[in-house]
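Shown next, in structure tokens, is the structure this report addresses.
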Amino acid sequence: MLLHLSTWPEVETYLQSSRGIILPIGSTEQHGPMGLIGTDAICAEAIAKGVGETTQALVGPTINVGMALHHMAFPGSMSLRPSTLITVIQDYLTSLTQAGFQRFFFINGHGGNIATLKAAFAETYHHLALLRIPGAEQVQCKVANWFMCSSVYNLAKELYGLQEGSHATPSEVALTQYIYPEAIKKAPLSEKVASGYPIYGAVDFRRHYPDGRMGSNPALATPAHGKQFYELAVKELSNSYLEFLKKGD
């Protein structure tokens with residue numbers, strides 16, 4: 001059940017049986033010569049829909065632009081400042097809390113969002129308390145990173161070993177290939193790929209990671225691998241979502 005394809009009476013009926021909602025969040029940023037700029041949002045959205053179908057949960061609209069300031073030296077990348085993203089999350093959750101939602105399960109596709117999301121949750125709890133919205137003290141938020149699922153991690157290690165890397169990875173590229181087979185890209189990749197440098201500003205990032213990859217070899221990706229990652233992530237995160245709802249009871 002997708003929020004944007006629902007009517008308000010349908011949502012009102014849903015709230016009689018569940019106070020939970022799944023919110024996919026990703027990023028719009030470079031993913032090396034082969035990876036789609038929308039990779040992080042594409043992956044989060046597809047998995048969130050799968051989890052929603054499995055658990056009969058409502059799925060909110062995807063937050064496509066996240067915190068990706070360090071990728072801004074690559075054309076096509078977009079970013080919100082951390083302060084802006086915190087405000088966006090706070091406004092989203094305030095609206096939904098006013099409607100009666102209390103459990104917010106963010107399925108995240110971008111590592112750069114994690115710190116900002118956790119800060120946003122802290123600010124939102126405080127903000128809702130000040131507004132004295134009924135049920136605000138029951139609100140709980142959780143960030144679930146699909147790429148950190150143990151089953152996903154283990155499969156990536158088995159398929160790619162050290163060539164999984166940490167950005168523009170074959171696992172996430174494979175997932176986008178499964179979701180959008182018509183948009184599979186090919187590009188020459190140098191055998192040597194940079195890794196291990198700390199992340200600072202955008203210019204420094206591109207200087208150390210000139211083609212955008214971080215220790216990864218996305219040429220290893222296949223749509224068949226992507227299907228495996230999708231199924232594993234949906235299964236593991238469906239269980240996590242249901243456990244999240246139970247803990248709040």
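Along the sequence shown, the residues carry numbers beginning at 1.
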Should [X] and [Y] count as side-chain neighbours, where that means a heavy-atom distance under 4.5 Å?
{"X": "L36", "Y": "I42", "answer": "yes"}
{"X": "Y241", "Y": "I107", "answer": "no"}
{"X": "L3", "Y": "P61", "answer": "yes"}
{"X": "F105", "Y": "S240", "answer": "yes"}
{"X": "L80", "Y": "M67", "answer": "no"}
{"X": "T176", "Y": "C43", "answer": "yes"}
{"X": "L93", "Y": "L23", "answer": "yes"}
{"X": "S216", "Y": "P170", "answer": "yes"}

Please report the shortest heavy-atom distance between [X] and [Y], naming the atom on each side.
{"X": "I22", "Y": "P24", "answer": "O-CD, 3.7 Å"}
{"X": "A221", "Y": "A174", "answer": "CB-N, 3.6 Å"}
{"X": "G20", "Y": "S18", "answer": "N-OG, 3.1 Å"}
{"X": "L69", "Y": "A202", "answer": "O-CB, 3.5 Å"}
{"X": "I179", "Y": "A46", "answer": "CD1-CB, 3.3 Å"}
{"X": "A44", "Y": "I25", "answer": "CB-O, 3.4 Å"}

| Any side-chain donor paired with an acceptor under 3.5 Å for S151 and E236? |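 S151 vs E236: donor-acceptor pair found between side chains.
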Hey, what do you get for [atom1] ([X]) to [atom2] ([Y]), rounding to the nearest 0.5 Å?
{"X": "T97", "Y": "Q138", "atom1": "OG1", "atom2": "CD", "value": "11.5 Å"}
{"X": "L128", "Y": "E123", "atom1": "CG", "atom2": "CD", "value": "11.5 Å"}
{"X": "L58", "Y": "M1", "atom1": "CG", "atom2": "CE", "value": "5.0 Å"}
{"X": "S195", "Y": "Q163", "atom1": "OG", "atom2": "CD", "value": "11.5 Å"}
{"X": "K142", "Y": "E243", "atom1": "NZ", "atom2": "CD", "value": "10.0 Å"}

side-chain contact (heavy atoms from CB on, under 4.5 Å) against [X], all qualifying residues, sequence neighbours excluded:
{"X": "T169", "value": "E164, S171, E172"}
{"X": "Y92", "value": "I63, V88"}
{"X": "Q98", "value": "T94, I133"}
{"X": "A68", "value": "S27, E29, H71, S79, H110"}

| Passes side chain to side chain donor-acceptor pair (under 3.5 Å), R213 versus S190? Steps please. | CA-CA 10 Å; R213 294 180 295 153; S190 61; 3.3 Å; yes
| query | Sub-3.5 Å donor-acceptor pair from the side chain of E231 to the main-chain atoms of Q228, do we have one? | reply |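 Side chain of E231 to backbone of Q228, a donor-acceptor pair under 3.5 Å: no, none is there.
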| field | Donor-acceptor under 3.5 Å (N113 side chain, G26 main chain) | value |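 Checked: pair present.
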Under a 4.5 Å side-chain heavy-atom rule over Ile, Leu, Val, Met, Phe, Trp and Tyr, are [X] and [Y] clustered together?
{"X": "L130", "Y": "V139", "value": "no"}
{"X": "Y125", "Y": "F244", "value": "yes"}
{"X": "L159", "Y": "Y153", "value": "no"}
{"X": "L117", "Y": "I86", "value": "no"}
{"X": "I47", "Y": "V152", "value": "yes"}

Not counting sequence neighbours, which residues clear ring-ring contact (aromatic ring centres under 6.0 Å, His included) with [X]? List them please.
{"X": "Y230", "value": "Y178"}
{"X": "H225", "value": "Y160"}
{"X": "F121", "value": "F106"}

| message | Please determine whether side-chain contact (heavy atoms from CB on, under 4.5 Å) holds for the pair K118 and V143, giving the CA-CA distance in whole Å, both sets of side-chain angles, and the decisive distance to 0.1 Å. | response | CA-CA 8 Å; K118 290 181 178 180; V143 55; 4.1 Å; yes
| request: For side-chain contact (heavy atoms from CB on, under 4.5 Å), just list the numbers for S77 and I37, CA-CA rounded to whole Å, side-chain angles, deciding distance to a tenth of an Å, and then say yes or no. | output: CA-CA 7 Å; S77 297; I37 286 175; 5.6 Å; no
| request: Run the numbers on L232 and L155 for side-chain contact (heavy atoms from CB on, under 4.5 Å), then give the verdict. | output: CA-CA 9 Å; L232 289 172; L155 179 60; 3.6 Å; yes
| message | Walk me through whether N108 and I114 qualify under side-chain contact (heavy atoms from CB on, under 4.5 Å). | response | CA-CA 8 Å; N108 177 43; I114 298 173; 3.7 Å; yes
| request: Any ring pair (Phe, Tyr, Trp, His ring centres under 6.0 Å) involving residues 10-35? Give me the pairs, sequence neighbours left out, ordered by first then second residue. | output: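 For residues 10-35: H31-H167.
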| Hydrophobic cluster partners of M34 (side-chain heavy atoms under 4.5 Å) |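 The other cluster members (ILVMFWY side chains, heavy atoms under 4.5 Å, direct or chained) are L189.
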| request: Could you identify which residues cluster with F205, counting Ile, Leu, Val, Met, Phe, Trp and Tyr as linked when any side-chain heavy atoms lie under 4.5 Å apart, either directly or through a chain of such contacts? | output: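 The other cluster members (ILVMFWY side chains, heavy atoms under 4.5 Å, direct or chained) are F74, Y197, I199, Y209, M214.
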| Within a radius of less than 6.0 Å around CE of M78, do more than 12 heavy atoms belonging to other residues, nucleotides or ligands occur? |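 Count not over threshold, so no.
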| field | Over 12 non-hydrogen atoms of neighbours within 6.0 angstrom of CD in E191 | value |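 Counting neighbours around CD of E191, 12 or fewer heavy atoms of other residues, nucleotides or ligands fall under 6.0 Å, so no.
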| task | Return the set of residues passing salt bridge (Lys or Arg N to Asp or Glu O under 4.0 Å) with D204 (not counting sequence neighbours), or none when no residue passes. | result |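 Partners of D204 by the salt bridge (Lys or Arg N to Asp or Glu O under 4.0 Å) criterion, ordered by chain and then number, come out as R207.
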| query | Among pairs that include at least one residue of residues 43-53, which meet side chain to side chain donor-acceptor pair (under 3.5 Å), considering only residues two or more places apart or in two chains? | reply |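 For residues 43-53, and leaving out neighbouring residues, the side chain to side chain donor-acceptor pair (under 3.5 Å) pairs sorted by first residue read E45-T62.
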